[in-house]
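What follows is a set of notes on a single structure, which appears directly below.
When reading the values below, keep in mind they use all heavy atoms of this one structure, side chains included, and skip hydrogens, waters and symmetry mates. What you see is a predicted model, and the numbers here were worked out from it, not measured in a lab. Chain letters run A, B, ... following the sequence lines, proteins first and then strands; every chain starts at 1.
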Amino acid sequence: MATNLKAVRGTRDLLPPETDLWQKAEATARSVFARYGFGEVRTPIMEDTQLFARGVGEETDIVSKEMYTWSDRDRFEKFALSKVWLADARSRYAEWTKNTQLIDEKSKADMVFRRPDGGVTLVSFVDKASNMAWRSLVSAIQAYRDTSGTTDVLGLLVYPEEIGSEGIPADIRNDHTVTIDGWPVRGNFFSTSQSLTLRPENTAGVVRAYIEHKLGETGQLQKLFYIGPQFRRERPQKGRYRQFYQIGAEVIGAPSSGSESPLRDAEVLEMLATLLNELGITDWTLQLNSVGSSSDRPRYVEALKAALQPVKAQLCADCQRRAETNPLRVLDCKVPEDQPIIATLPQIADYLDAESKAHFAAVLAALDACGVEYTLNPRLVRGLDYYTRTTFEFLMETGLGTQNALLGGGRYDGLSEMLGGPKAPGIGFAMGEDRLVLTLQALNAEAAAQKLDAYIAPMGEAQNPYALALAKELRTAGLRVDVGDGSFRLKKSFETADKVARRIVIVGEDEASTGVLTVKTFTSGEQTKVARAELISTLKTL
RNA sequence: GCGGCUAUAGUUCAGCGGCAGAACGCCGGUCUGUGGCACCGGAUGUCGUGGGUUCGAACCCCACUAGCCGCCCCA
């Protein structure tokens, strides 16, 4: 136990049997998603920092202080070095004939020059002079001699000469010197490093993939789900970790695919209700709101700011600050004294244009038709910049303490364009899997620790091979089987078997030679002799 | 990032300045091819890490780390 290596703060190991519950949650989600026509998408765990800055919003807490962001190493560009060197070499070796064909796949030489004296020089561009680089050039020379029959073949290794030692000051990085045959060559051989970020959420990554792979060109509505870890550098709390898991889905597509239809909003919400019900969670409430189109929202924020100005001083300290930084959050304030004032503030519903109003009404009508219950919450505003129109949360009574939002989501009609993609309206959600599992635990929905079908107990180490072969046969037949060890006393085998399996199969000297095995069922205490040929069917009966 | 509480056996916890403890679990025995029940026996361990006070620290003090709860914020 005493070790100084531990899971880092806010991260944790998930072990059996808890992982059974995770598998159950994920299996249920996959089954529901499949029935609604969703396919799985897996995006990288890290992305260009710009993706989140532009998608999620530079001013949100997530981006401004909760991301794991770092600068990737500078990347050596072989092509840049060869270009610079060639431009220089052309003036000095004007009479050389350039042949840019590579000699063969395996050789590491990049270019072949024919010299005026009739010989040949192979040139290899590398980021630093190493034994490996030199050896591969030598083998390239050898290969060239063998295949061409030319005997006069020389090698030239070209590299930025200051590189190869760490700690080069950043200000000279873009201006390296390459010295070849005593001539210095200057140029920029390194592309600047890229800022990378561990994904704090998955919607931006999915939309990026949608744009990158031109999924809009298919003309089809894209229904994608994901299950995976996300990362935020927050203070850990119950159900809140720095590496946390989300199950989410996105419906996105070109407008002609129907992606803007209120039917899609209602379908996603109805699917979520179904998913929660199938997981055995019934005490959820769906809170619903519309934050309007991308033009409604700024108009409302302005009106809210103006309305807050005269009453600000009467609000709690938090709200006075929010009135400046994030006026929408004032609506979320839970301080009782503030409620009368908040009630007088303008509501987003009054700032929706006709189109947004009609959209929202259509969503509600479809939900009514499906019998999905919801509560309108005009104060439900969501933190991320990309949300438009429908926004929602599913809240839980049990298990989560103050972190009672189990999942949330909304429509993001402008996100693709914010990321430089085509118009691609969409709606999606993300569910906190850590919180989902907590809720399932609170509901005592623990996946009943399924016992194995059989535990094979070899009597004496001589029976081990027979026992393992028998286990293999049973496992091939789809039975869940564990096998003990011949060194165990039979009593110990029974004790272990009773804990992990429904039946014990005893393999002693008699059993191995006659092929008739002793099988005991723990629940009934019944013990019988079973021929090996009938063992599988016996074990399959409950 | 801020505040409060906590950290002792595999687990849940007691001990709060003087021999490191209980329950459950684990291992062994009663019982050499028969589990659950019973009885008997055994091992549990840098008392989160590092420093300080003291004749003496699991206990008091300081720092750090981690967990829980709340704030901020959010799924």
Subject >> Touch class at under 4.0 angstrom, heavy-atom based, for A:I62 against every strand present >> reply: nothing
Original post:
With both distances kept under 3.5 Å, what pairs with B:A14, Watson-Crick or G-U wobble?
Top reply: none
Subject >> A:F494 CZ - B:U32 P separation (whole Å) >> reply: 14 Å
**OP:** State whether A:Q527 places a side-chain N or O below 4.0 Å from either non-bridging phosphate oxygen (OP1 or OP2) of B:U34.
**Re:** no
**OP:** Assess whether one donor atom and one acceptor atom, taken from the side chain of A:R235 and the base of B:C69, lie less than 3.5 Å apart.
**Re:** no
Subject >> B:A20 - base-pair partner by Watson-Crick or wobble geometry, distances under 3.5 Å >> reply: none
Original post:
With sugar-phosphate meaning primed atoms plus P, OP1 and OP2, does A:T518 contact a base, only sugar-phosphate, or nothing at under 4.0 Å between heavy atoms?
Top reply: base
Original post:
A:K451 NZ to B:G35 C1': how many Å, rounded?
Top reply: 10 Å
Original post:
Using a cut-off of 4.0 Å between protein heavy atoms and nucleotide atoms, how would you tag nucleotides 23-31 of chain B 5' to 3' with B, S and -?
Top reply: ---SS-S--
**OP:** Check every atom of B:U34, B:C73, B:A75 against the side chain of A:E66 and return the nucleotide holding the closest atom.
**Re:** B:C73
**OP:** With heavy atoms under 4.0 Å as the rule, sort A:Q463 into base, sugar-phosphate or nothing.
**Re:** nothing
**OP:** Give one of base, sugar-phosphate or nothing for A:G525, where a contact means two heavy atoms less than 4.0 Å apart.
**Re:** base
**OP:** Have a look at A:R233 and say if it touches a base, only the backbone sugar-phosphate, or nothing, with a 4.0 Å heavy-atom cut-off.
**Re:** sugar-phosphate
Original post:
Is there a side-chain contact between A:T274 and A:Y36, using heavy atoms and a 4.5 Å cut-off?
Top reply: yes
Original post:
What distance, rounded to whole Å, do you find between the two C1' atoms, one in B:U6 and one in B:A75?
Top reply: 27 Å
**OP:** Give the C-alpha distance, both sets of side-chain angles, the deciding distance and a yes or no for side chain to side chain contact (heavy atoms under 4.5 Å, CB included) between A:L452 and A:V481.
**Re:** CA-CA 6 Å; A:L452 300 171; A:V481 170; over 6 Å; no
Original post:
Is any side-chain N or O of A:R240 closer than 4.0 Å to OP1 or OP2 of B:C74?
Top reply: no
Original post:
Reckon A:E433 touches a base, only the sugar-phosphate, or nothing at all at heavy-atom distances under 4.0 Å?
Top reply: nothing
**OP:** Output yes when at least one side-chain N/O atom of A:R9 is less than 4.0 Å from OP1 or OP2 of B:A66, else no.
**Re:** yes
Subject >> Face-on cation placement of A:R199 at A:Y226 ring, 6.0 Å and 45° thresholds >> reply: no
Subject >> A:E393 CD - B:C74 P separation (whole Å) >> reply: 10 Å
Original post:
How long is the line joining OH of A:Y386 and C1' of B:C74, in whole Å?
Top reply: 12 Å
Original post:
Taking atom types as modelled, is there a side-chain donor on A:N377 or A:T375 under 3.5 Å from an acceptor on the other?
Top reply: no
Subject >> Euclidean distance, atom CZ of residue A:R199 to atom P of B:C74 [Å, nearest integer] >> reply: 21 Å
Original post:
So what does A:G410 touch, heavy atoms closer than 4.0 Å: a base, only the sugar-phosphate, or nothing?
Top reply: nothing
Subject >> Partner nucleotide of B:G70 by Watson-Crick or wobble geometry (both distances under 3.5 Å) >> reply: B:C2
Original post:
How would you label the contact of A:E234 with the nucleic acid (heavy atoms, under 4.0 Å): base, sugar-phosphate, or nothing?
Top reply: base
**OP:** In whole angstrom, give the distance that lies between atom CG of A:L286 and atom P of B:A75.
**Re:** 15 Å
Original post:
Would A:E495 and A:K491 pass as an ion pair if we require N to O under 4.0 Å?
Top reply: yes
Subject >> Worked check of ring-ring contact (aromatic ring centres under 6.0 Å, His included) between A:Y300 and A:Y351 >> reply: CA-CA 6 Å; A:Y300 173 64; A:Y351 287 80; 5.5 Å; yes
Subject >> B:U49 - base-pair partner by Watson-Crick or wobble geometry, distances under 3.5 Å >> reply: B:A63
Subject >> A:M431 CE - B:A75 P separation (whole Å) >> reply: 14 Å
Original post:
Once you round it to whole Å, what is the distance between P of B:C74 and CD of A:E201?
Top reply: 13 Å
Subject >> Donor-acceptor under 3.5 Å (A:K238 side chain, A:L438 main chain) >> reply: no
Original post:
Is a side-chain N or O of A:E461 found less than 3.5 angstrom from the main chain of A:N464, in a donor-acceptor match?
Top reply: no
Subject >> G-U wobble or Watson-Crick pairing nucleotide for B:G33 (cut-off 3.5 Å, both distances) >> reply: none
Subject >> Strand partner of B:G28, provided both Watson-Crick or wobble distances fall under 3.5 Å >> reply: B:C40
Original post:
Got a donor-acceptor contact below 3.5 angstrom from the A:T439 side chain to the A:R435 backbone?
Top reply: yes
Original post:
Which of these nucleotides, B:G36, B:C72, B:A75, is closest to any side-chain atom of A:Q237?
Top reply: B:C72
Subject >> Residue A:Y241, side-chain atoms from C-beta onward, closest of B:G33, B:A75, B:C68 >> reply: B:C68
Original post:
Of A:T523 and A:E509, whose nearest nucleotide on RNA chain B comes first from the 5' end?
Top reply: A:E509
